[in-house]
Amino acid sequence: MWSGRFREPLDTEFEQWQRSIVFDWRLLPQEVAASKAHASALCAAGIITESERAELRAALDAIAAEHSSDTGKAAVRDHATAEDIHHFVELSLVERVGSMGLKLHTGRSRNEQIATDLRLYVREQIELTITSLAAWASALVEQAKRAGEAVMPSYTHLQRAEPVLIAHWLLAYAEMLLRDVSRLHDCSVRLNYCPLGSGAIAGATLALDRTIAARELGFIAPTPNSMDATSDRDFVLEYLTALTFIGLHASRFAEEITLFATAEFGFVALPEAFSTGSSAMPQKKNPDLTELLRAKVGRIHGAAEAVTLQIKGLPLAYNKDLQETQEQAFAVEFVPQMLALVARFTLALKFNHDAMRTAAQNGYLNAMAAATYLVYKGVPFRTAHEKIGNAVRYALEKGVELNALSLAELKEFGQEFDADFFPAIDLNSTLDCHDVIGGTARTRVHEALHAAESRIAALTHQREAMHAGA
């Protein structure tokens with residue numbers, strides 16, 4: 001593609017080492033789409049005829065179809081001479097339409113080609129990831145509906161804190177996933193500008209109408225600056241960072257499920273379809289899915305860190321360093337499938353409501369409700385906190401819960417205690433004292449459940465409408 005300037009051939013080992021076809025073969029669909037759009041722009045500029053445009057586009061479609069199978073993809077990856085995906089498509093075009101295939105590179109550079117292909121690829125991966133996130137969020141909501149008003153202990157510092165509805169705990173993860181969707185959506189909007197027409201650095205040398213390619217490829221508009229367009233990989237880093245958040249949230253969920261599935265907790269039964277046994281210990285059922293899920297964030301975050309270091313300090317505009325950012329984008333292709341698996345795993349979980357309820361009624365989880373009771377009796381909260389703290393210490397020494405203390409014993413800590421204290425700290429009252437937006441009161445969780453369901457349905461409807469429009 002560039003040998004006219006050189007007298008000596010490339011070192012054979014270096015030539016193989018610097019090729020990107022071994023990983024950018026994945027971009028064949030995007031390269032074909034971008035090349036077809038460029039052909040339309042060339043035709044509008046009078047560089048090629050309408051019949052040449054039609055022949056080039058038909059040949060490009062044929063190349064994509066021929067290499068859509070696993071065998072075809074391997075043929076692209078293992079091509080003997082192609083340096084990258086752009087070179088492969090050009091060689092394939094020449095094989096099909098002769099020297100006319102060389103016309104397609106008129107007015108463009110590989111710098112803008114890869115910038116365009118990678119934007120198209122990341123945009124598609126974002127769509128797949130959002131679809132899988134919606135499926136997982138839907139699974140969490142479905143489990144929350146199944147849980148009804150079943151309760152569990154919540155934890156701070158991994159110590160029992162207050163009772164909450166299981167649904168409230170599940171919806172906490174749904175909220176995380178909906179934030180992840182918003183980050184990905186923001187990223188897809190920011191990257192959705194078309195670099196075609198940017199040339200190698202200073203813009204195309206032909207009077208191309210850049211809006212033609214941008215419109216055909218579904219971009220908002222052409223990129224406004226050619227130097228930035230060919231060297232920008234912010235969108236790759238932003239995409240990987242958004243995926244890192246997803247990995248972190250998935251890891252937190254995995255950690256809790258792994259803990260809750262232990263005999264020490266006994267809160268959840270792992271679905272056998274997503275677990276394995278031990279080759280040595282016959283009784284074992286191991287949480288392989290959650291353990292692997294917990295580890296995946298390392299790969300995702302590692303990719304984001306790699307891109308950070310790859311683009312750090314690069315002078316404008318394109319540098320070969322940017323080739324390395326592609327591998328990091330491809331390294332996280334597993335995320336949509338991972339999320340789809342977690343969605344099915346979540347739906348298959350069986351919670352031990354009895355064990356969770358028992359745990360929520362032991363360990364003085366009603367102490368906050370008890371302090372609130374005193375506040376309603378006119379006691380300043382700091383004083384109420386101290387009085388209940390003293391009562392808890394006394395109950396600990398006696399080996400009973402707060403509601404097992406007699407009224408006479410309670411009055412030792414304050415004359416404000418009366419017979420209405422006991423119903424004020426039973427399980428339902430303890431839950432319902434959190435009657436604020438976002439709290440675990442039963443009516444509030446019911447509202448939140450329907451709100452989450454509506455948000456997920458709206459998200460799904462929006463994606464379907466976008467796909468129908470496309």
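Keep in mind the model is a prediction, meaning the values are calculated, not measured.
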**OP:** Given side chain to side chain donor-acceptor pair (under 3.5 Å), test Ser198 with Arg108 step by step and report yes or no.
**Re:** CA-CA 7 Å; Ser198 296; Arg108 70 175 179 175; over 6 Å; no
**OP:** Would you indicate whether Glu13, at its atom CD, is surrounded by more than 12 heavy atoms from other residues, nucleotides or ligands within a distance under 6.0 Å?
**Re:** no
Original post:
Would you say the side chain of Phe219 lies within less than 4.5 Å of the side chain of Leu196, judging by non-hydrogen atoms?
Top reply: no
Original post:
So Phe260 and Trp169, would you call those rings parallel, tilted or perpendicular, with 30° and 60° as cut-offs?
Top reply: tilted
**OP:** Please say which of Asp84, Val76, Ile114 ends up in a side chain to side chain contact (heavy atoms under 4.5 Å, CB included) with Leu27.
**Re:** Ile114
**OP:** Take atom NZ of Lys285 as the centre, draw a 6.0 Å sphere, and report whether it contains more than 12 heavy atoms from other residues, nucleotides or ligands.
**Re:** yes
Subject >> More than 12 heavy atoms of other groups within 6.0 Å of Glu291 CD >> reply: yes
Subject >> Residue of the set Glu333, Gln326, Arg26, Glu31 for which side-chain hydrogen bond (donor to acceptor under 3.5 Å, both in side chains) holds with Tyr121 >> reply: Glu333
Original post:
Do the ring planes of Phe330 and Phe23 sit parallel (below 30°), tilted (30 to 60°) or perpendicular (above 60°)?
Top reply: tilted
Subject >> Neighbour count >12 (heavy atoms, 6.0 Å) for atom CG, Leu309 >> reply: yes
Original post:
With a cut-off of 6.0 Å (strictly less than), are more than 12 heavy atoms of other residues, nucleotides or ligands near NZ of Lys320?
Top reply: yes
Original post:
Can you check side chain to side chain donor-acceptor pair (under 3.5 Å) on Thr346 and Trp136, steps first, answer last?
Top reply: CA-CA 8 Å; Thr346 299; Trp136 186 15; 3.0 Å; yes
Original post:
Would you say Arg252 has more than 12 foreign heavy atoms packed within less than 6.0 Å of its CZ?
Top reply: no
**OP:** For Arg210 and Thr223, test the side chains for any donor-to-acceptor distance below 3.5 angstrom and give the result as yes or no.
**Re:** yes
Original post:
Do we see a donor-acceptor contact under 3.5 Å between the side chains of Glu216 and Ser40?
Top reply: yes
**OP:** Taking atom CZ of Phe245 as the centre, report whether more than 12 heavy atoms of other residues, nucleotides or ligands fall under 6.0 Å from it.
**Re:** no
Could you give the side-chain donor-acceptor pairs of residues 262-269 under 3.5 Å, partners two or more places apart or in another chain?
from	atom 1	to	atom 2	distance (Å)
Thr262	OG1	Leu259	O	2.6
Thr262	OG1	Phe265	N	3.4

Subject >> More than 12 heavy atoms from other groups under 6.0 Å of NE2 on His446 >> reply: no
Original post:
Hey, are Ser69 and Thr71 close enough side-chain-wise for a donor-acceptor pair under 3.5 Å?
Top reply: no
Subject >> side chain to side chain contact (heavy atoms under 4.5 Å, CB included), paired with Arg344, selected from Leu341, Leu347, Val342 >> reply: Leu341
**OP:** Say whether Asn192 and Arg123, considering side chains only, have a donor N or O and an acceptor N or O under 3.5 Å apart.
**Re:** yes
